[in-house]
A.B. asks: 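My structure is below; once you've seen it, I'll send some questions.
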Amino acid sequence: MPSTREELVSCTSVMVTSYFHLDNELFFAYLDEDCVWVMPNHDICHGILEARAQFKQGWIMPRFEIYDMHFELVESVLGDTAVVMGPYRLLSASDSEQIMAMSQHLSAVWCRSGGVWRIKYLHVSAEWSETVRGEVYPIELSRQTWRYAQAIIAQGLKNGHQPLMVKGEHGELLSVDLVTVLHVQAAGKRCTLHIGDDNGSRTVEAACSLAELEGKLPAGFVRVHRSYIVNRDHVQSVGPEGLVLSDGTCVPVPTKRRAEIRRMLQQGA
């Protein structure tokens, strides 16, 4: 359990991850005995015993992978109370029989007692999303789920699609969809992941070296420079200045290694 205020953001990430990975004991360990838990369907559990009763017959949902967690600590004038809040995105796990996608927002009120922090109030809300009617499915489904299903079909992500888990600048646990990573750039003892998806371009700062991150990446990522790793699926061409990626970025490549890197990229094509 967290003993300092600085640990609350990372512990909130672990708590949420444990819930959607169906690790109920770890999830409940973060809750106070008198915790009030407001769920996305507006059900309210008063106390940890009532919360546990919700799952006495086992978990009632599929396992989810979590992406784009952005939790932050909201400062409080009360020394023994702190609020952590932020959004995240959920995609049903690759081994699930269901295909689901949704975005949620979490607010957690942490209270300190006896030197240990636990969650006293937990509120989770689901982001509203318009539905897609007709076309393929004989049911209504959210636009997020529809797009996720299309991505699975188009990109063959159903099998073996797992997120990359990295530690952020402030110790928080971040999950990144590897399909959206264009390239990774070294920044001293840290590195920057450059992301491109339907929401545009952005970056994620990871508190690890490029060499450490390289060990976590699958074969589709190629180290083309001492400071760069590229996602082979996003390489458009190999030009005189370097590799041109799908977003137009040009990643430098040492002249002496250009032929070698071209072969490496072609081998995985």
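For this chain, numbers begin at 1 and follow the sequence in order.
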A.B. asks: Search all heavy atoms of Cys45 against all heavy atoms of Ala51 and return the closest pair with its distance.
C.D. replies: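 What the structure gives for the nearest pair is SG-CA, 3.8 Å.
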
A.B. asks: Which pair of non-hydrogen atoms, one from Ile44 and one from Val38, has the smallest distance, and what is that distance?
C.D. replies: CG1-CG2, 4.2 Å

A.B. asks: Any chain of hydrophobic side-chain contacts (each under 4.5 Å) joining Leu193 to Leu217?
C.D. replies: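 Same hydrophobic cluster.
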
A.B. asks: Check the pair Ile195 / Thr203 against side-chain contact (heavy atoms from CB on, under 4.5 Å), numbers first and verdict last.
C.D. replies: CA-CA 6 Å; Ile195 310 293; Thr203 59; over 6 Å; no

A.B. asks: Identify whether the distance between the nearest side-chain nitrogen and carboxylate oxygen of Glu212 and Lys167 falls below 4.0 Å.
C.D. replies: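 Salt bridge: no.
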
A.B. asks: Between Lys189 and Ser209, is a side-chain contact (heavy atoms from CB on, under 4.5 Å) present by the stated rule, with each step listed?
C.D. replies: CA-CA 5 Å; Lys189 295 182 179 180; Ser209 68; 5.6 Å; no

A.B. asks: Would Val244 end up clustered with Val222 when hydrophobic side chains under 4.5 Å apart are linked, directly or stepwise?
C.D. replies: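 Unlinked, Val244 and Val222 end up in two clusters.
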
A.B. asks: For the residue pair His225 and Tyr228, categorise the inter-ring angle as parallel (less than 30°), tilted (30 to 60°) or perpendicular (more than 60°).
C.D. replies: perpendicular

A.B. asks: Kindly compute the distance separating OG1 (Thr17) from CG (Leu26), expressed to the nearest 0.5 Å.
C.D. replies: 9.0 Å

A.B. asks: For a quick test of reading the model, state the closest non-hydrogen atom pair linking Val9 to Leu73 and the distance between them.
C.D. replies: CG2-N, 3.8 Å

A.B. asks: Rounded to the nearest 0.5 Å, what separates atom OG in Ser18 from atom CZ in Phe28?
C.D. replies: 9.5 Å

A.B. asks: With rounding to the nearest 0.5 Å, note down the distance linking CD in Glu65 to CG in Asp177.
C.D. replies: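 The CG atom of Asp177 is 10.5 Å from CD of Glu65, to the nearest 0.5 Å.
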
A.B. asks: Measuring from atom OG of Ser246 to atom CG of Asn231, what distance do you get when rounded to the nearest 0.5 angstrom?
C.D. replies: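 That separation rounds to 8.0 Å.
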
A.B. asks: Assess, by modelled atom type and distance only, whether the side chains of Thr12 and Trp110 contain a donor and an acceptor separated by less than 3.5 Å.
C.D. replies: yes

A.B. asks: Applying salt bridge (charged side-chain N to carboxylate O under 4.0 Å, His left out), name anything that partners Arg112, two or more places apart in sequence or on another chain.
C.D. replies: Asp80

A.B. asks: Please determine whether side-chain contact (heavy atoms from CB on, under 4.5 Å) holds for the pair Val204 and Arg202, giving the CA-CA distance in whole Å, both sets of side-chain angles, and the decisive distance to 0.1 Å.
C.D. replies: CA-CA 7 Å; Val204 172; Arg202 58 188 175 86; 3.6 Å; yes

A.B. asks: What I'd like to find out is whether the side chain of Pro87 reaches to under 4.5 Å of the side chain of Ser103, using heavy atoms alone.
C.D. replies: no

A.B. asks: Any heavy-atom pair between the side chains of Asp34 and Lys120 that's under 4.5 Å?
C.D. replies: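 In short, these two side chains touch, coming nearer than 4.5 Å.
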
A.B. asks: Just wondering, do Phe64 and Leu91 contact through their side chains at under 4.5 Å, heavy atoms?
C.D. replies: no

A.B. asks: If the condition is side-chain hydrogen bond (donor to acceptor under 3.5 Å, both in side chains), which residues does Asp247 pass it with, not counting sequence neighbours?
C.D. replies: Thr249

A.B. asks: Provide the closest heavy-atom pair for Arg232 versus Ala219 in the form atom of the first, atom of the second, distance.
C.D. replies: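 Shortest heavy-atom contact: NH2-O, 3.5 Å.
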
A.B. asks: Pairing donors with acceptors under 3.5 angstrom, does anything connect the side chains of Thr4 and Glu7?
C.D. replies: yes

A.B. asks: Please tell me if the side chains of Cys191 and Val184 come closer than 4.5 Å, counting only heavy atoms from C-beta onward.
C.D. replies: yes

A.B. asks: Go through the structure and list residues passing salt bridge (charged side-chain N to carboxylate O under 4.0 Å, His left out) with Arg262, not counting sequence neighbours.
C.D. replies: none

A.B. asks: In plain terms, say whether Arg257 and Glu260 are close enough for a salt bridge, that is, a side-chain N and a carboxylate O under 4.0 Å apart.
C.D. replies: yes

A.B. asks: Do Asp32 and Ile119 touch side chain to side chain, with heavy atoms closer than 4.5 Å?
C.D. replies: no

A.B. asks: Mind checking whether Glu214 and Phe221 have side chains closer than 4.5 Å, heavy atoms only?
C.D. replies: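 Heavy-atom side-chain distance check fails, nothing below 4.5 Å.
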
A.B. asks: Less than 6.0 angstrom separating the ring centers of Tyr19 and Trp37, yes or no?
C.D. replies: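 Yes; Trp37 has its ring centre under 6.0 Å from that of Tyr19.
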
A.B. asks: With a 4.5 Å cut-off on side-chain heavy atoms, are Gln104 and Leu106 touching?
C.D. replies: no

A.B. asks: Shortest non-hydrogen contact from Ala206 to Arg190?
C.D. replies: O-CB, 3.3 Å

A.B. asks: With the side chain counted from C-beta on, respond yes when Ile229 and Val224 share a heavy-atom pair under 4.5 Å apart, and no when they do not.
C.D. replies: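 No, side chains not in contact.
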
A.B. asks: Roughly how far, to the nearest 0.5 Å, is the OH atom of Tyr30 from the CG atom of Leu8?
C.D. replies: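 Leu8 atom CG to Tyr30 atom OH measures 10.5 Å (nearest 0.5 Å).
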
A.B. asks: Between Thr192 and Gln185, does the side-chain hydrogen bond (donor to acceptor under 3.5 Å, both in side chains) criterion hold? Intermediate values first, please.
C.D. replies: CA-CA 5 Å; Thr192 303; Gln185 183 176 1; over 6 Å; no

A.B. asks: So, the side chain of Arg258 versus the backbone of Pro240: is there a donor-acceptor pair under 3.5 Å, distance only?
C.D. replies: yes

A.B. asks: Given Cys111 and Trp117, is the side-chain contact (heavy atoms from CB on, under 4.5 Å) satisfied, shown in steps?
C.D. replies: CA-CA 5 Å; Cys111 294; Trp117 291 86; 5.5 Å; no

A.B. asks: Distance check, rounded to the nearest 0.5 Å: His105 atom NE2 versus His123 atom NE2?
C.D. replies: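 The NE2 atom of His105 sits 10.0 Å away from the NE2 atom of His123.
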
A.B. asks: Minimum heavy-atom separation for Arg118 and Ala29, please, with both atom names.
C.D. replies: NE-O, 3.3 Å

A.B. asks: Do His234 side-chain atoms and Val179 backbone N/O form a donor-acceptor pair below 3.5 Å?
C.D. replies: yes

